[in-house]
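Taking it in order: structure first as C-alpha cells, then the write-up.
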Amino acid sequence: MKMELSRHYTLQSARALKGIDEEHQCARLHGHTFQVRVSVLGEVKMPEGWVVDFAEMDQIWEETIKVKLDHVLLNDVPGLENPTTELLTKWIFEHYQVPGTTTVAVDVNETGYSRVRYTG
Ligand SMILES: [Zn+2]
C-alpha cells in the first residue's frame with residue numbers, strides 16, 4: 001500500500017530577479033517568507049505502519065534545503081542565479097530526497113495569494 005505524505009516548512013530568503021525590466025519591483029533586492037510543502041510517496045512499512053518518520057523528513061529538510069536556502073541571498077546559490085519562485089520550486093524538488101520514497105510534488109507560496117507547484 002502506497003501513501004503520500006506532506007510536510008510544511010518555511011524559508012526566509014532574499015532575492016533580486018534577473019531577466020526582467022530593471023524597473024520591475026522584483027528586480028530590486030527584497031525578501032520573502034516562502035511557505036513550502038514537500039510531498040513524498042512511498043510504501044507503508046510494517047511493523048511501523050508508516051511510510052517514513054516525519055522526524056526523518058524534517059532532518060533531511062534541515063540538512064539539504066534549509067541550510068542552503070534559509071536566511072541567504074538566493075541569487076548566490078548555484079542553480080538559483082535567477083531565483084524566481086518557479087525555479088526555486090524546481091530546485092527544492094531536485095534536492096529533497098527521503099530514502100525509500102519518491103518526491104512527487106513541491107509547492108511554494110511566495111505570498112498568501114501566489115503558489116507554484118512542481119511535480120517533475
Ligand atoms: Zn519576490
Side-chain angles (χ1 to χ4, degrees):
M1 173 175 57
K2 286 193 168 185
M3 299 191 89
E4 184 178 314
L5 277 57
S6 294
R7 200 84 165 132
H8 291 250
Y9 302 103
T10 298
L11 292 171
Q12 294 180 320
S13 315
R15 71 181 183 187
L17 300 187
K18 308 298 179 190
I20 57 176
D21 191 309
E22 65 183 22
E23 297 302 315
H24 192 290
Q25 64 177 0
C26 294
R28 296 194 297 270
L29 182 61
H30 65 286
H32 284 283
T33 299
F34 295 102
Q35 303 292 326
V36 182
R37 181 175 71 183
V38 293
S39 300
V40 301
L41 181 70
E43 197 71 32
V44 176
K45 294 188 284 283
M46 296 299 171
E48 297 93 336
W50 65 29
V51 174
V52 65
D53 190 342
F54 282 119
E56 186 178 349
M57 290 183 72
D58 293 351
Q59 183 181 351
I60 291 168
W61 171 265
E62 299 268 339
E63 293 173 354
T64 64
I65 307 296
K66 185 176 180 185
V67 70
K68 293 181 179 167
L69 303 184
D70 190 55
H71 286 77
V72 303
L73 175 59
L74 293 175
N75 300 71
D76 291 342
V77 177
L80 287 176
E81 290 78 8
N82 183 26
T84 61
T85 302
E86 287 85 341
L87 298 177
L88 173 64
T89 303
K90 184 170 185 280
W91 193 99
I92 294 169
F93 185 94
E94 291 172 347
H95 289 80
Y96 187 75
Q97 181 55 60
V98 178
T101 73
T102 302
T103 301
V104 292
V106 173
D107 298 84
V108 177
N109 288 53
E110 68 172 40
T111 65
Y113 312 103
S114 308
R115 185 183 71 175
V116 173
R117 180 179 180 85
Y118 185 65
T119 57

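Counting starts at 1 for both ligands and their atoms, following the listed order. Quick note: numbers below take in every heavy atom, side chains included, and nothing from hydrogens, waters or symmetry partners. Numbering starts at 1 and runs along the sequence shown.
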Donor-acceptor contact below 3.5 Å, side chain Asn82 vs main chain Leu17: no
N/O donor-acceptor pair under 3.5 Å between Trp61 side chain and His8 backbone: no
Partner residues of Phe93 under the ring-ring contact (aromatic ring centres under 6.0 Å, His included) criterion, sequence neighbours left out: Tyr118
Atom pair CG (Leu29) and CG (Leu73), whose distance is rounded to the nearest 0.5 Å: 6.0 Å
Distance, nearest 0.5 Å, that separates CZ of Arg115 from CG of Asn109: 6.5 Å
Within 6.0 angstrom of Glu22 CD, more than 12 heavy atoms from elsewhere: no
Contacts of the Zn ion (ligand 1) with protein N/O/S atoms, counting only those under 2.8 Å: Arg15 NH2, His30 NE2, His32 NE2
